[in-house]
Amino acid sequence: MYQDHPSFEPPSDDAGLWKYLDFPKFVSMLNERSLYFARADRLVDPFEGAHSNMNKMLRPVLYKDVPEDQFETMVASLEAIPEKMRQVAMISCWFSSTHESSSMWNQYSDENYGVAIKTDFKSLKTGLTCEDEIYIGRVNYVDYNTTFIPENPIFLPLLHKRIYYASEQEVRAMSADLSKIMHGDDRLGVHQHVDLSILVHEVVVAPSAEEWFVDLVRDVVAKYGLQMDVRKSSLSEIPNSI
C-alpha cells in the first residue's frame, strides 16, 4: 500500500505516468496482477544509490566534531551503506509526462513488440493493494561532482541520479525491508499486487508494431478478463499530405 514519506516528493495527483515494457513483462503483469519491483542493484545505472564526490569532500567539515580516532571508522561505515541499500531496496520506475516518449520506447521497450502502460499518480498510489509499504517520489537529477547527496535517511541517495539521465523524468516507487540490510535481500525483485482496473488507464502498443500484434495485445487483455483500452502509439501516425 502507498504511504506518504517526508523525504519523498510526490507529483500532483493528475501527473501523467508511463511504464514501458516488453511483451513478456506485460503478460507477467497481467498474470500476476502485480507490478514488478527490481532490486536496486539490478538496475542499469551503476551509480544507483551512490554518494557523490562532493560528499567525500565535505565530510571533514560536516563531521568536524567527530573525534579524529573515530572519523575513519565512521566514514567507512557511511561508504558501506549505499551498497547495502542497493541490495534491499526494490524499485519500480515510471516516466512522468503528459505524452509518450520516443526515447523511452527506444530505451526501455521495443518499437515493434513493446507496450506502455498509461496512468496518473493518483491511480498508481490508489491501485497499490500490496501489504508492503510503498513510497513514491520524483528523482532528483544532479551533478555528482558539485552536489552533496543527503546521507540520512539512508535511502535518499536512491532518489538521486546523475544529470545525464534527466530526460527520464522519473517518478520512483520504492520499498525496502531494512531488517535485511546487513545481509542483503536474496530476492532479485518482488511482485507487488495492484488493482489493474484502477492502475491502468490505457495500454499503448509500440509505434512500429504491426496490426496483428495490436490485435494480440487486445486478445491477451481480454483473456485475462480485463477491460483496458488498447491503442497503437501516436508516434505511428502518418502526416497529412502537403
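- One finds the CD1 atom of I81 at 8.5 Å from the CG atom of N152 (value rounded to the nearest 0.5 Å).
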Verdict with supporting geometry, E211 and V214, side-chain contact (heavy atoms from CB on, under 4.5 Å):
CA-CA 5 Å; E211 286 306 312; V214 180; 4.2 Å; yes

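- Closest of all the heavy-atom pairs between M29 and S34 is CG-O, 3.0 Å.
- Going from atom NZ of K223 over to atom CG of N31 covers 13.5 Å, rounded to the nearest 0.5 Å.
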Worked verdict on L62 versus F148 for side-chain contact (heavy atoms from CB on, under 4.5 Å)
CA-CA 11 Å; L62 294 173; F148 178 83; 3.3 Å; yes

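- A donor-acceptor pair is defined here as one N or O able to donate and one able to accept, closer than 3.5 Å; no such pair exists between the side chain of S28 and the backbone of P24.
- Shortest non-hydrogen contact noted between P10 and F8 is CD-O, 3.1 Å.
- L158 is connected to M182 through a chain of hydrophobic side-chain contacts under 4.5 Å among Ile, Leu, Val, Met, Phe, Trp and Tyr, so both are in one cluster.
- Between E202 and R231, at least one side-chain nitrogen of the basic residue sits less than 4.0 Å from a carboxylate oxygen of the acidic one, meeting the salt-bridge criterion.
- When all heavy atoms are compared, the tightest approach of S175 to Q192 is OG-NE2, 3.6 Å.
- Atom CZ of R187 sits in a crowded spot, with more than 12 heavy atoms from other residues, nucleotides or ligands closer than 6.0 Å.
- Within the 3.5 Å criterion, the main-chain N or O of D219 finds no donor-acceptor partner in the side chain of Y224.
- One N or O on the side chain of R39 and one on the backbone of D185 form a donor-acceptor pair closer than 3.5 Å.
- For the pair F95 and S101, the minimum side-chain heavy-atom distance is below 4.5 Å.
- We find that R33 and D195 are not joined by a salt bridge, their nearest charged nitrogen and carboxylate oxygen being 4.0 Å or further apart.
- Taking CG from N53 and CG from N145, the interatomic distance works out to 5.0 Å, rounded to the nearest 0.5 Å.
- When W94, W105, F26, Y108 are each tested for a ring pair (Phe, Tyr, Trp, His ring centres under 6.0 Å) with Y20, only one passes: W105.
- Side chain of K19 to backbone of C93: a donor-acceptor contact under 3.5 angstrom is found.
- At most 12 heavy atoms of other shown residues, nucleotides or ligands fall within 6.0 angstrom of atom OH in Y164.
- In this structure, the side chains of Q3 and I134 stay at 4.5 Å or more apart for every pair of heavy atoms.
- Residues L35 and V115 fall within the same hydrophobic cluster, defined by Ile, Leu, Val, Met, Phe, Trp and Tyr side chains chained together at heavy-atom separations under 4.5 Å.
- Going from atom OH of Y144 over to atom OG1 of T146 covers 11.5 Å, rounded to the nearest 0.5 Å.
- Scanning all heavy atoms of the two residues, the minimum distance from F37 to M90 falls at CD2-O, 3.5 Å.
- Annotation: side chain of P11 is in contact with side chain of R138 (closest heavy-atom distance under 4.5 Å).
- Between T147 and M54 there is no side-chain heavy-atom pair separated by less than 4.5 Å.
- Both L196 and I117 are members of a single hydrophobic cluster when ILVMFWY side chains are connected at heavy-atom separations under 4.5 Å.
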Derivation of the side-chain contact (heavy atoms from CB on, under 4.5 Å) call for E83 and R86
CA-CA 5 Å; E83 186 58 32; R86 281 164 50 84; 3.0 Å; yes

Evaluate V230 against V205 for side-chain contact (heavy atoms from CB on, under 4.5 Å), listing each step before the verdict.
CA-CA 7 Å; V230 178; V205 182; 3.7 Å; yes

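- Side-chain atoms of P157 and P82, non-hydrogen and from C-beta on, never get closer than 4.5 Å to each other.
- Using a 3.5 Å distance cut-off with no hydrogens or angles, the side chains of S123 and D120 do pair a donor with an acceptor.
- Within the 4.5 Å cutoff, no side-chain heavy atoms of L159 are placed close to those of E9.
- Within a 6.0 Å radius of CE in M1, more than 12 heavy atoms belonging to other residues, nucleotides or ligands are found.
- For NZ of K122, the number of neighbouring non-hydrogen atoms (other residues, nucleotides, ligands) closer than 6.0 Å is 12 at most.
- In this structure, L30 and V220 have side chains that are in contact, with non-hydrogen atoms separated by less than 4.5 Å.
- Ring centroids of F213 and Y113 are separated by less than 6.0 Å, placing the two rings close together.
- Here the CD1 atom belonging to I136 is positioned 6.0 Å from the OH atom belonging to Y2, to the nearest 0.5 angstrom.
- When the side chains of ILVMFWY residues are joined at heavy-atom separations under 4.5 Å, either directly or via intervening members, F155 and Y135 end up in a single hydrophobic cluster.
- Closest approach of A116 and W18 over heavy atoms only: CB-CE3, 4.0 Å.
- E100 places a side-chain N or O within 3.5 Å of a backbone atom of S234 that can act as its donor or acceptor partner.
- In the model, S96 has no side-chain atom that pairs as donor or acceptor with a side-chain atom of E170 under 3.5 Å.
- H193 NE2: 12 or fewer foreign heavy atoms inside a 6.0 Å radius.
- Using a 4.0 Å cut-off between charged nitrogen and carboxylate oxygen, R59 and E151 count as a salt-bridge pair.
- A salt bridge links E48 with R172: at least one charged nitrogen is closer than 4.0 Å to a carboxylate oxygen.
- Under the 4.0 Å criterion applied to side-chain N and carboxylate O atoms, K56 and E79 are not assigned as salt-bridge partners.
- At a threshold of 4.5 Å between side-chain heavy atoms, the hydrophobic network of Ile, Leu, Val, Met, Phe, Trp and Tyr places I91 and L21 in two separate groups.
- A donor-acceptor distance shorter than 3.5 angstrom exists from the side chain of T119 to the backbone of L199, with no hydrogens or angles considered.
- Minimum interatomic distance between A89 and A176 (heavy atoms only, all atoms of both residues): CA-CB, 4.0 Å.
- Although no hydrogens or angles enter the test, the distance criterion places a donor-acceptor pair under 3.5 Å between the side chain of K232 and the main chain of A209.
- A donor-acceptor pair under 3.5 Å links the side-chain atoms of S52 to the main chain of N55, judged by distance alone.
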Test salt bridge (Lys or Arg N to Asp or Glu O under 4.0 Å) on D13 and K125; report intermediate values, then the result.
CA-CA 9 Å; D13 276 354; K125 66 181 181 180; 2.9 Å; yes

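- For the atom pair CD of E168 and NZ of K161, the computed distance is 4.0 Å after rounding to the nearest 0.5 Å.
- Under the 4.5 Å side-chain criterion, counting only non-hydrogen atoms from C-beta, V171 is not in contact with V139.
- Judged by a 6.0 Å distance limit and a 45° cone about the ring axis, R162 is positioned over the six-membered ring of F47.
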